[in-house]
Enquirer: 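Quick one: structure below, then a few questions.
Just follow the structure's listing: the first ligand is 1, and inside any ligand the first atom is 1. Atoms considered below: every heavy atom in the structure, side chains included; atoms not considered: hydrogens, waters and symmetry mates.
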Amino acid sequence: MDHFIYQDGQLFAEDVPVAEIAAAVGTPFYVYSTATLVRHFRLFDEALAWGPHLVCYAMKAASNQAILKTLAAEGAGMDVVSGGEYARAKAAGVPGDRIVFSGVGKTRDEIRMVLEGGIRQLNVESEPEMRAISEVASSMGLTAPITVRVNPDVDAKTHAKIATGKSENKFGIPIARAGEVYAEAAALPGLKVIGIDVHIGSQLTQLEPFEQAYKKVADLTEALRADGHDISRLDLGGGLGIPYARSNEAPPLPMDYGALVQRTVGHLGCEIEIEPGRLIVGNAGLLVSDIIYVKNGEGRDFLILDAAMNDLIRPAMYEAHHEIVPVKEATAGAELTPYDIVGPVCESGDTFAKGRLMPPLQTGDLVAFRSAGAYGAVMASEYNTRPLIPEVLVHGDQFAVIRARPTFDEIINRDTIPEWL
Ligand code: LLP
């Protein structure tokens with residue numbers, strides 16, 4: 001459920017007409033709903049209320065500080081995957097002891113940075129990384145709290161580019177080798193083992209792969225405890241999917257996911273962490289764009305938008321489907337026409353949808369991409385020297401620009417010209 005609904009024939013973001021925001025900030029832009037963000041966070045928080053837990057928002061999905069502050073005020077921790085994300089989380093006021101550090105290749109500089117600034121735990125992804133953390137922590141006279149990310153060799157049944165839990169993926173340590181890795185961790189200076197981490201992929205639309213993975217983690221917990229390790233925290237990753245095509249998808253609900261967690265690992269008495277990104281922010285954001293031209297082609301018609309693949313890369317990169325709706329509601333029974341919906345960037349990959357059935361539309365009409373809050377603005381680029389588009393946050397009847405559109409001068413003045421030119 002989200003808070004982008006039609007009222008009196010106009011699409012609203014909470015209590016603000018989307019067209020009003022477009023008039024104020026220009027198109028294209030991202031708009032997020034505070035009420036939807038908060039609602040989704042609370043669903044997870046309540047789903048795990050049966051025991052000690054922390055919902056660590058995977059800020060890679062959308063990392064604007066206003067979003068982080070909104071969630072942190074609700075009690076969220078953060079899952080970060082780079083020094084930059086850590087700095088952002090800190091800048092948004094999140095204390096280090098509510099930040100977990102994931103990511104496949106943490107550099108020594110990043111490790112030093114988070115140990116200095118305070119960190120809840122580092123999720124170790126490989127033995128060389130574990131040794132680096134040990135060395136850095138020891139050299140600072142500190143002890144780094146760690147979990148080891150295990151790869152449970154489970155098929156997440158999602159898009160190949162976002163599946164992470166099969167043995168052929170680059171993530172984590174094969175679960176079969178966990179015993180020896182934990183033994184090395186216990187022997188290394190500067191490390192304190194506190195638990196286990198697992199994350200099998202993103203946009204999962206079934207619970208069964210989670211169930212398989214979490215059962216393996218439960219067995220591993222008992223085996224590691226028998227070996228004398230202190231396993232008091234389980235980080236179960238993120239990955240719960242959202243409905244992108246409203247008509248035919250019904251991914252599991254956070255409440256059912258929470259019950260599954262309780263069923264599979266609840267008896268172990270561990271503190272539970274989860275790292276959801278997409279489910280919290282995905283349906284809390286729209287990408288709003290203007291139709292520049294309606295072009296009648298050879299056997300097909302095009303809607304040419306002012307948003308492009310550099311603003312929302314998901315369709316080009318993952319063949320992702322996003323619902324695209326008119327901001328002015330179509331009249332009931334309006335005739336639908338198939339359009340290829342494209343951006344102005346000079347490559348055919350800059351296509352958002354092919355043959356999409358749309359109501360009558362013309363130049364100057366606004367359209368909104370639904371489910372664009374996650375992995376939208378954060379994956380944008382300035383390809384074709386197109387400025388990163390603004391982000392707007394709505395709260396009831398208020399809205400604020402939370403990242404402004406840069407001017408052309410701001411973009412081009414970042415280049416520096418060598419003295420020989
Ligand atoms: N934890 C870890 C260790 C992760 O790698 C990820 C996502 C998450 C949590 C959050 O997963 P979520 O709850 O959002 O599914 N750009 C892609 C998605 C990449 C996901 C990467 N890792 C997309 O647009 O679909």
Enquirer: For atom 17 (C) of ligand 1, what's the nearest protein heavy atom and its distance?
Expert: Y318 OH, 3.1 Å
Enquirer: Do we see a donor-acceptor contact under 3.5 Å between the side chains of S381 and N310?
Expert: no
Enquirer: Verify the ring-centre separation between H321 and Y244: is it less than 6.0 angstrom?
Expert: no
Enquirer: Hey, which atoms in ligand 1 end up nearer than 4.0 Å to a heavy atom of G238?
Expert: 9 (C), 13 (O)
Enquirer: If the cut-off is 4.0 Å to any non-hydrogen atom of A58, which atoms of ligand 1 fall inside it?
Expert: 8 (C), 9 (C), 10 (C)
Enquirer: Does N151 reach the main-chain N or O of D153 with its side chain, forming a donor-acceptor pair under 3.5 Å?
Expert: yes
Enquirer: Show which atoms of ligand 1 fall inside a sub-4.0 Å distance from at least one heavy-atom site of G277.
Expert: 12 (P), 13 (O), 14 (O)
Enquirer: Considering only heavy atoms, does R278 approach ligand 1 within less than 4.0 Å through its side chain, its backbone, both, or neither?
Expert: both
Enquirer: Does R39 form a salt bridge (charged side-chain N to carboxylate O under 4.0 Å, His left out) with E74? I'd like the steps, not just the answer.
Expert: CA-CA 10 Å; R39 184 187 133 81; E74 286 290 311; over 6 Å; no
Enquirer: Taking both backbone and side-chain atoms of L240, is any N or O found less than 3.5 Å from an N or O belonging to ligand 1?
Expert: no
Enquirer: Counting from 1, what ligand 1 atoms have a heavy atom of P276 closer than 4.0 Å?
Expert: 13 (O)
Enquirer: Over 60° means perpendicular and under 30° means parallel, so tell me whether F210 and Y214 are parallel, tilted or perpendicular.
Expert: tilted
Enquirer: Does one side chain, of T36 or D2, offer a donor that lies under 3.5 Å from an acceptor on the other?
Expert: no
Enquirer: Heavy atom to atom 14 (O) of ligand 1, shortest distance: which of Y244, Y375, F171 holds it?
Expert: Y375
Enquirer: Measure the spacing between OG1 of T147 and CD of E125 and express it to the nearest 0.5 Å.
Expert: 9.0 Å
Enquirer: Judging by distance only, is a nitrogen or oxygen of M379 under 3.5 angstrom from one on ligand 1?
Expert: no
Enquirer: Need the ligand 1 atom indices (1-based, order shown) with element for anything under 4.0 Å from a heavy-atom of E275.
Expert: 1 (N), 2 (C), 3 (C), 8 (C), 9 (C), 10 (C), 13 (O)
Enquirer: Below 4.0 angstrom, N of the basic side chain to O of the carboxylate: do E208 and K157 qualify?
Expert: yes
Enquirer: So, for F12 and Y6, is the gap between ring centers shorter than 6.0 Å?
Expert: no
Enquirer: N64 and R403: side-chain donor and acceptor closer than 3.5 Å?
Expert: no
Enquirer: Show the atoms of ligand 1 that are less than 4.0 angstrom away from any heavy atom in D79.
Expert: 1 (N), 9 (C)
Enquirer: Look at atom 8 (C) of ligand 1 and say which protein heavy atom is nearest, naming residue and atom and giving the distance to 0.1 Å.
Expert: H199 CE1, 3.4 Å
Enquirer: What do we get for K60 next to ligand 1 when only non-hydrogen atoms under 4.0 Å count, side chain, backbone, both or neither?
Expert: side chain
Enquirer: Please report which non-hydrogen protein atom sits nearest to atom 19 (C) of ligand 1, along with the residue it belongs to and the distance in Å to one decimal place.
Expert: I162 CG2, 3.7 Å
Enquirer: Quick one: look up the protein heavy atom nearest atom 24 (O) of ligand 1 and list residue, atom name and how far away it is.
Expert: R314 NE, 2.6 Å
Enquirer: Is the closest heavy-atom distance from L279 to ligand 1 below 4.0 Å?
Expert: no
Enquirer: Under 4.0 Å from any heavy atom of G239, which atoms of ligand 1 are there?
Expert: 11 (O), 12 (P), 13 (O), 15 (O)
Enquirer: When you measure from the centre of the six-membered ring of Y375, is the NZ or CZ of K60 under 6.0 Å away and within 45° of the axis?
Expert: no
Enquirer: By number and element, which atoms of ligand 1 are closer than 4.0 Å to a non-hydrogen atom of S202?
Expert: 11 (O), 12 (P), 14 (O), 15 (O), 20 (C)
